[in-house]
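For reference, the structure discussed in these notes is given below.
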Amino acid sequence: MQKVYRALGITFLFLLAVCGTALAQGTQVSGTVSSATTGEKLWGVTVRVKGTQTQTVTDQQGRYALVAPADAVLTFAQIGYRGKEQPIGGQSTIDMALEQAPTMLQEVVVTGYTSQRRADITGAVTSVNLDPVERQTSASVLQRLDGRVPGVTVQSSGSPGSRSTVRIRGITSFHDNDPLYIIDGTPVQGDSYLNFLNPNDIGEIQVLKDASAASIYGSRAGNGVIIIETKKGRPGGRQARLDVRTGVASPVHGLDDILMQSSLDYFEVIKRSYMNANQGRVDSLGNPIPYTLDSLPPTVLRIYGDPRNPTVPAYTYVDPGAVTARDSFGRPTVNRLAYNYPNLLIMPGSAGTNWWKAVFSPAQFSDANLSVSGGGVDNSYNVSFSYLKQDGTGAFSQFQRGSLRINTAFNVGRLQIGENLTIARQQNYGGIDDGNLGEDNIVGKNILMQPVVPIYDIGGHFASGKFSGGGNNTNPLKFAWARRFDRNTWDKVLGSAFAGTEIVRNLAFKSRFSFNLDQGSFKGFTPTTWENSEPVKVTSLNQNEQRGTEWTLANTFNYTWVTPQHNLSVLVGHEASQKTYRRIDGSIAALVNEDPASRYIDDALGSATTKNVTSAGALDRLLSFFGKADYNYQQRFYVSGTIRRDGSSKFGPGHRWGTFPGFNVGWRLSRESFFPQDGFLSNVMLRFGWGMTGSQLIPGGRIRAKFGGGRNDTFYDIGATGNSIQPGYRQIALGNASLGWETDKSTNVGADLEFAQGRGNLTIDVYNRIAGATKGHGILFDPRLPATAGFADPSVQNVAKMQNKGFDFALAYSGTIGAGKVWSVSVNAGHYKNKILEIAENLTQFFGPTGTRIGTAVINQIGQPIGAFYGLQANGYFPDSADAASHDDALGPCAVPPCQTNAKVGRIRFVDQITVDTNGDGRPDIRDGLITSADRTIIGSPHPDLTAGLDLGFRTGSWDFSATVFGSFGGQIFDAQKDFYVFRDFSTNVVKDRLTNSFCLPADDGCTNPYNQNAKYPRLDQFDASSPVISSYYVESGTYVRLRTVQVGWQVPASLLRWIPSARIYLQAENLFTITGYEGLDPALANQAPTAASGDVRDQAMGIDVGMYPSNRTITIGISTTF
Amino acid sequence: MKTLLRSRLVLGTAFVALLGGITYACSNFLDTPAQGTLDESALQTKTGVEGSLIAAYRMLDCNAFVGAWGCAASNWVFGDITSDDSYKGSEATDQPGATQVELYTWNTGQAGDYFDQKWATSYEGVVRANATLRLLRGVMASKPGEISPVDSAGIEGEALFLRAHYHFEAWRMWGKIPYYYEGDTDYKKENNMSPDSVAKLIIADLDRAIAALPLIPRNGEVGRVTQWTAKAYKGRVLVYTGQYAAALVVLNDVITNGPYGLETSFDHVWTGFQALKNGPETIFAYEASANDGEPSGWNANWGETLNFPHSGSPFGCCGFHQPSQNLVNAYAVDGATGLPKVFTDPPGWNARDSTWVASVSDTVDPRLDWTVGRDFVPYKDWGLHQSDWIRTPAYGGRYSPKKNAQENASGSQSQVGWNKAQLNSVHIHLFRYADLLLLKAEAEVEVGSIPIAQGIVNQIRARAGVTAQGCGGAYNATTQAALEAAYPGCVGDARLAVPINDASIQWATYKVSAYTTAWPDQATARLAVRTERRLELGMEGQRFFDLRRWGEAYATTDINNYLTREKTRRGYKVAQLPFASKNMFYPIPPTEIDLSKVGGQDRLHQNPGW
């Protein structure tokens, strides 16, 4: 079927390609276009034969070439410059100098309310190379940034339309670390998806990494700023572009590579677990009772039959009402006619269900973009349409997006007006709720179903592990199937209208009104699960509708003064914004009819008494004044200063206003007379920047105490009626009237080098950022209070302090091999070291959110990075019972040696840390001889030491080849899935080498390598409750290197495509291979996204593998045409 | 031209200045009220004060903020599974925190989470009671006349009582606890008082409550505590602290002058029938409500949700809180005397390892089948308890809890919730009259009035001998057929409770007789009273606290004898640590110790041994 789609897609492309226009005939004209002011060669100027459709665009060296009648007139146009006309007059070379349009700055690099020449930037700003970004296929532009920008990390899962966790230069807060996005001047914060934005619309991306660059965005720039400008039209002829691609995604790695697939192997695991668990089982006289084949629990024999000759069972679960007899092992003879869903269920046995394959399969995606752009001397436009559909590799899941973008600009007299607008709808269902990774989804524990459990019961309904010992999971296919009509829909209208004029010469005024309208809805269905060990017996439906409205009004004056010696630009401005949000949630249970058409919240359609409605909302305002001055002398010395003053409604009177200054200086060494002009280095710029930014990323309304209540919390049946409650109230949140700005400081030292005649360049930056740097302006954080303070949410305070130090660099080189063969290589890499400096008064540590079955594996401790792993230190396996006994206080008191509760041979041995201070110097000096929670220590960190991307490119003739490699080094993963697939918690499936690679004793069944301390797993032991505790045993290296993309493209020769100017066909593979030592599903791990009262705390759940939707390996074919 | 330029400049600047000025000068642009919440002034009314008091009552059981399961009103985790009454049940790895509590590995983080739930639940109760007292004081001062003097006294008395109760809950868990008053602003108070000193504060609050409370429930709302509740509770605390003479004074007052009495039939004590709830035996209960408009059943005994028979049963889940073999053995009755074998055969009563399933040849106390679900015995009015009702027999044995289960016919089952059949409005007894009588019996034994104690025990046994589990009927045709097939006498007989020698009873021989021979000494009296207490209050979350009350030596012997034998019955019990001195109190949750530090110094001092 997918092949058919692909074939259709390509046919469609070629049909469209026919619609191009024919090339004109005439003489060849070429030349160079430059700036009349600076002499700089201008790229992207539209050169057009007047009165025709013939046109071209200058390249990066300002060069153009076209064929035109000798008597024709050429027009040269580019936004920001005054258009010019020039008759050809028989010349073959026409060079042109364009004057800068007075009120438009050089639209080179937009860096916040204004733009700058790339070469003049002295802050830490990375301009993203968009070519490889365009090549990738993920729905969100954010995911395509992964590995592209030094100092920026992106985490996401393979779920269609999934969330991205973008972090710029580490992490600065315990909650809400998403950067601020500025999309065509419109601020967007608190969106980790950016899925409404069509990646093909993007014209440029700047990442403002340090405070000296970002402080112009003051209060919201603490997490860094990413400025996204969409493609704008250029004066010149209409240019249309069509990009179509389609492909197939499949999981990079499947759990069927990891888990046991045979029911009888699984029986062997159960059997050995019991047989090995004989120590300690004692009779009434205290004598050990070993398990024997005959004393295996009847629940096991009932499934697998004769333990000496186990066989795949005919049935796993049979309702007692259908059992007519049982054999000596308890296996039933079944009256199949008694089957009656859901009251009397009969489930067959399976020789080995491949649960992974049942749920995951290759999935198709397709993406089509059509854009039309152009403009006249006094206008420009760019309109684009796109549609993207991505099926999930998991069953019954999909993401789709349709978007329309309109960017226009007009000169009306001396006034420039225009607008940027995106209208988008996204819809998805299935996959994984990004906030809810873990066992409650199709990947998590659910995929850890036992191989003996069948997918369907004998009546064709979904089956599950209802039998005793079958685990209490839900059939993952059922889980997805039952939710196939769930829909999550987001509508977005985002954009701005702007107007600007030149008031006097060199002084421009610009006003922009931005709006960001959101509307979201979700409906979700929860099915009954009669087939489960813990059945859910009522269906339920929940639905929510939400609406967000944000507007921002910004007014700026911009003064520029340019002489051959001096270059000054001054910006002052003012901004006001308001954000409102409201949502309503409803639910009803026990639906009378499960048909999607009846899934509404209505008294008649469900149990009216279960109907529930709640609503919530927010209202926040921000008011700002700012100024910026950039000056350079002869493009040798640069100095730039910024100041912003922000007032936020989230803070109390007297604490609302904050001031955020920043400055940077630069010295272009290469312009000095002493600098060798013909040396290896052609451009050297040294930069230093310092600045302050802020954060107000907390919910509003936290300056005062809040009161409330709920029927599930404070209401009570004081009249003892049995069926009614009276209202009750309590304090639900503590307020803090002196809540104020979080202030972050950062220092950046950098250098830009260009070498080998400009063929290579290197940018390197070293930084030190301190969040919560000044007293009274600490990181906004709500330290937990002792329970004696009650349930009320603790107040938010300015208390914590965190540091990120690091460096990032980008190195690029391109060269040629003979004529027409161009190669390029670029490397970018970033390192940061995150360290918590302060948490709160008297608080040296606090635990992260509980994200695993076995508790919280995360601690935030002063001196350590955020989200460090914390637990016992594992130290091999107890080699013999003597060693185990000395660690054991289970059967008798253990006096001196480290006494580990439940120590047994073959179980994990933990280290007794030095925890007792005997000489009173405040530092522990001896061990206490007991393994307790006091022996927990830092056992790992999820933060990589280095992340790096490598881009390779090669072009010869009409062929081009490119590849991207990404690597993450030195981070660690806490594989919480081991609790299931090693320790068989909740009777789940286990790793496939559990039988062959476990510690064992010579007498154990199947033991070939006794006493092996290098075995991957502890001894199979049914009653081993001590090994699974949180320890370094769960921690693995998360280092990996991945071939992110490989692409081969072919420029279709004009001889084959006579009607369109250009077409390129390409074939691309993503995630072809990964080199890693990580044994879980995927080392490129997305965080869970737990939420606390203070907001999103996902940075405290980094690197914890609780069952992630795996990355995809995607093969794409596409065609890109312009006409 | 110049003028034109200048005027434009002026105009543009003025425009921007205006915009900026408007937003900045309007200082209230940045004043945005918190959304979707009440502020404090909204509660400075009678409604607010009464609502705060209601919220204080609500902490008697779990709620949406402490969902699992250390918050349960019944104390099943801390009062039962750590004693010889029951196992955690279910599966080995389900609710590992409760498993760690059962196995006495109380210093694991998972057990710590359970202790923290109890700590948080208790202190939130204190916080709400204190908030009520503060609000009351504020309204009385600022709006005289808003609350009548009678209501004011009543509210104060109820809040003081609840404060005492929540502190008592924490006190019997941890002993030395910080005590919080309505004026306290420091929530990191040091726990520098001995357990006895804390008990004095509890009693002081109860005395103030007694002085303020009315004799009958305010507004006729029977969930409210009265002067009699507070007096009874004071008696309880006095017995807990060994002040027997003082206890007897107040207990005698309650017995002689108070409104309480024993139910006639044991099945009326734990019941979902609205007409039977809050009968004379109820002193203080968590008033659960089902189908009260709350859409998830949070008020319907959420704390007991797990404590029902598992998947083959009409309830469906989850097989927790399974009675121990030891407890069931304790219900064995000496056929000749009709007295507990625990009393008549101290060395031999616990010998039986085989599961007690229905059998007329077993002579048992009728309370067994009101307390424990066992195979082929009618389970209230749901039909026969079946072997497939048990989740993992190899792990938790083959018995189910029963007292907290609703009767099918009572209609008290929730129609909403995660697993609605496991949510009901059976009121959970926090203190009932039989408990009070047995406390008095204990006190009488300790002060030497053995015949009085014997009289009380016989009174309890007389009531226990009135009725036993009847055929009950079943919940559908299939189970009714199974019931009738097993017991033909049950055809047409759906009586829930029948006389203990009723002909329809074919699953046991019930017998419970009075102690006719005078107890010769204190030791005998103690054995009889303590045994009676266990039989009467089995599975009600009292046993562990009782064992501890009876002294470290007693608790050590009892638990360790229990374990020696139970380890042979339940494999996983091998991992259970023996009862030691430190087990006299639970460890204060380490999280709370950490959170209460001031200047790096502990304000909460851990109990000995932890």
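Quick note: numbers below take in every heavy atom, side chains included, and nothing from hydrogens, waters or symmetry partners. Throughout, a chain's letter reflects where its sequence line sits, starting with A, and its residues are numbered from 1.
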Would you call B/Y57 and B/R128 a side-chain contact if the rule is heavy atoms closer than 4.5 Å? no
When the 4.5 angstrom heavy-atom criterion is applied to A/D979 and chain B, the contacting part is neither
Heavy-atom proximity to chain A below 4.5 Å, by part of B/V127: side chain
What residue in B/G223, B/G316, B/G51, B/G319 has the most heavy-atom pairs under 4.5 Å with chain A? B/G51
Relative to each other, are the rings of B/Y123 and B/Y180 parallel, tilted or perpendicular (30° and 60° limits)? perpendicular
Residues in ring-ring contact (aromatic ring centres under 6.0 Å, His included) contact with B/Y286, at least two apart in sequence or another chain: A/Y716
With chain B as the partner, which of A/S587, A/S533, A/G855, A/G708 has the greatest number of non-hydrogen pairs under 4.5 Å? A/S533
By a 4.5 Å heavy-atom criterion (distance strictly below it), what part of A/A589 contacts chain B: side chain, backbone, both, or neither? neither
Do you know which of B/V426, B/D94, B/V66, B/D39 has the most heavy-atom pairs under 4.5 Å to chain A? B/D94
Is there a donor-acceptor contact under 3.5 Å from the side chain of B/Q274 to the main chain of A/T721? yes
Top contributor to chain B contacts, counting heavy-atom pairs under 4.5 Å, from A/N343, A/L785, A/L843, A/N532: A/L785
Where does A/S724 contact chain B at under 4.5 Å (heavy atoms): side chain, backbone, both or neither? backbone
B/H310/B/S90 under side chain to side chain donor-acceptor pair (under 3.5 Å): CA gap, chis, key distance, verdict: CA-CA 8 Å; B/H310 198 55; B/S90 178; over 6 Å; no
Considering only heavy atoms and a distance below 4.5 Å, find which of B/A120, B/A290, B/S425 pairs most often with chain A. B/A290
Between CG of B/N63 and CD of B/E294, what distance do you get to the nearest 0.5 Å? 10.0 Å
Checking heavy atoms, do the side chain of B/N219, its backbone, both or neither come under 4.5 Å from chain A? neither
With heavy-atom distances below 4.5 Å as the criterion, would you say the side chains of B/R565 and B/D353 are in contact? yes
For A/R704, is it the side chain, the backbone, both, or neither that has a heavy atom closer than 4.5 Å to a heavy atom of chain B? side chain
Sort B/T105 into side chain, backbone, both or neither according to what part of it lies under 4.5 angstrom from a heavy atom of chain A. side chain
Return yes if some donor-acceptor pair links the side-chain N/O of B/S122 with the main-chain N/O of B/K118 below 3.5 Å, else return no. yes
Against chain B, work out which of A/D319, A/I588, A/L622 has the most heavy-atom pairs shorter than 4.5 Å and name it. A/L622
Using a cut-off of under 4.5 Å for heavy-atom pairs, which of A/P727, A/G617, A/A590 has the most such pairs with chain B? A/P727
Look at B/E50, B/Q110, B/R391, B/K277 and state which one has the largest set of heavy-atom pairs under 4.5 Å with chain A. B/R391
B/N107 portion near chain A, given a 4.5 angstrom heavy-atom threshold: both
Sort A/F715 into side chain, backbone, both or neither according to what part of it lies under 4.5 angstrom from a heavy atom of chain B. backbone
Relative to chain B, which segment of A/P535 carries a heavy atom at a distance below 4.5 Å: side chain, backbone, both, or neither? both
Ranked by heavy-atom pairs below 4.5 Å to chain B, first place among A/A787, A/G722, A/G573 goes to A/G722
Is the closest side-chain donor-acceptor distance between B/N291 and A/N723 under 3.5 Å? no
Thinking salt bridges, do A/R656 and B/D31 make one under a 4.0 Å N-O criterion? yes
Between B/D184 (side chain) and B/D186 (backbone), is there a donor-acceptor pair under 3.5 Å? no
Top contributor to chain B interface from A/R730, A/R853, A/Q731, A/Q845 [non-hydrogen pairs under 4.5 Å]: A/R730
Is there a side-chain contact between A/T580 and A/L619 (heavy atoms, below 4.5 Å)? yes
Can A/D620 and A/K579 be counted as an ion pair, charged N to O under 4.0 angstrom? no
Most contacts with chain A, counted as non-hydrogen pairs under 4.5 angstrom, among B/N130, B/I593, B/L604, B/V222: B/V222
Which bit of B/A285 comes within less than 4.5 Å of chain A, counting heavy atoms only: side chain, backbone, both or neither? backbone
At a heavy-atom separation under 4.5 Å, does A/I854 approach chain B through its side chain, its backbone, both, or neither? both
Heavy-atom side-chain proximity of B/K420 to A/T610 below 4.5 angstrom: no
Leading residue by heavy atom contact count with chain A [cutoff under 4.5 Å; candidates B/G36, B/S52, B/A482]: B/S52
Would you check if B/D61 and B/W302 make a side-chain contact, meaning some heavy-atom pair closer than 4.5 Å? yes
Is A/S648 close to chain B through its backbone or its side chain, or both, or neither, when contacts mean heavy atoms under 4.5 Å? backbone
